[in-house]
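Reading through the structure tokens given below for one structure.
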Amino acid sequence: MSFDSLWSAVEQVGRHPGTGGYRRYAWTPEDATLGEWFAGEATARGFDVTTDRVGNQWAWWGDPDKGVAAGRPGVVLGSHLDSVPDGGAFDGPLGVISAFAALDELRRAGFVPSRPVGVMRFVDEEGARFGVACAGSRLLTGTLAPERALGLKDADGVSMAEAMTEAGLDVGHVGTDVEALGRVGTFVELHVEQGRGLIDLGRAVAVASSIWPHGRWRLELDGEANHAGTTQLADRDDPTLVLAELIRTARHAAHEHNCLATVGKLRVEPNGVNAIASRVTAWLDARGPAVDSVRAVAGAVEAAAGTAAAEESFTDETIFDAALRDRLVRVLGDAPVLPTGAGHDAGILATAGVPTALLFVRNPTGVSHSPAEFAERDDCLGGVAALAAVVRELAGPGAR
Ligand code: GLV
Ligand code: MN
Ligand code: MN
């Protein structure tokens, strides 16, 4: 099947008619539709579809257990299908669609893999619903404890356990899946670039070198609800003033420590135009080249808020396997190598010891986590060709 028909099959799923952005959150009906699409595409190709203990989906071309038995665990391509609120079309789906399209290209060409090759789809990469980034890969690899994950609540007070149960998962079974992971010899995620690196280089595809450390924190600021028209300024306990200070501090501290800091999500209660807020919840996202500097930003924000911040997730720096990276750079015609500040399941797998690579496809807007995120069709096809070349290299005759 062509890249275009794969693309058009999911293009409308979870798309908001007003904003044009995607709202594809973990364990919702939209997510289920995407899961059915994934399973359908895999089955149509005769691939063996399995769901691991977390709900991540795997589609195998070739028997992965034979691969393991022969000491040749498989080559897996994939990414995620969930989105941030009003996210773009490419962040996640591009990697899954390109994986199917690449294997189609190889099958058409009569390529016979010398080891199992798989396509996979991680659940809940963005953490838009429950707060923890890369929850699917963290649970899979054991860096997120199921007891903690299952108790996380969404904005409506629904727990992850309840959401998973509703989606048909057995929550008693959720946890590290050593068997599923053991089938992965090499993982390669293709992703739309989320910055301007490739535009500036004039190239369509790059290989990632590293991912910055990244933390997410939640701060609860309490105040006292009261009337906007009768409460004297001196009598107010207004948490939005603390919020303003916190946001300015995040910006200053990020500047000082050479980091990036964002307060992009807020909850104001009771959220009335003529009522002083009784409580504000603010989420801080901080990233930077070093763990200490990211933590310093969070510390400065905590000090400004006068309250401890709850750490929702923290990811140390990821350095991708250098030998694999260099090999793919060669296979892809001396592809450029770029670091990134964006988080990926590939980073979680790499940290868990799976030889992993991350490829980027040029994004002419340089914008991501927004409907303006984009990739030209030719560049997408370049990404498909890159993945096919990677599979030839890693799973071709005589591949190591
Ligand atoms: C995921 O896209 C992240 O970097 O937050
Ligand atoms: Mn994203
Ligand atoms: Mn992504």
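Indexing begins at 1, ligand by ligand and atom by atom, following the structure's order.
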| request: Please state whether the separation between the Mn ion (ligand 3) and some N/O/S atom of D91 is under 2.8 Å? | output: yes
| Taking 2.8 Å as the cut-off, does an N/O/S atom of H344 lie below it from the Mn ion (ligand 3)? | no
Proximal atoms of ligand 1 relative to [X] (non-hydrogen, under 4.0 Å):
{"X": "G343", "value": "1 (C), 2 (O), 3 (C), 4 (O)"}
{"X": "E126", "value": "1 (C), 2 (O)"}
{"X": "A342", "value": "4 (O)"}
{"X": "H369", "value": "1 (C), 2 (O), 3 (C), 5 (O)"}

| field | Of the N, O or S atoms in E126, the one nearest the Mn ion (ligand 2) | value |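 Of all N, O or S atoms belonging to E126, OE2 is the one nearest the Mn ion (ligand 2).
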| field | Pair D124-H80, side-chain donor/acceptor within less than 3.5 Å | value | no
| Out of curiosity, is H344 lining ligand 1, as in a heavy atom under 4.0 Å away? | no
| Distance-only N or O hit between ligand 1 and D285, under 3.5 Å | no
| query | Taking R121 as the fixed residue, which of D345, D82, D31 is the one that meets the salt bridge (charged side-chain N to carboxylate O under 4.0 Å, His left out) rule? | reply | D31
| request: Run the ring-centre check on F47 versus W58 and record whether the distance is less than 6.0 Å. | output: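 Aromatic pair excluded; centres sit 6.0 Å or further apart.
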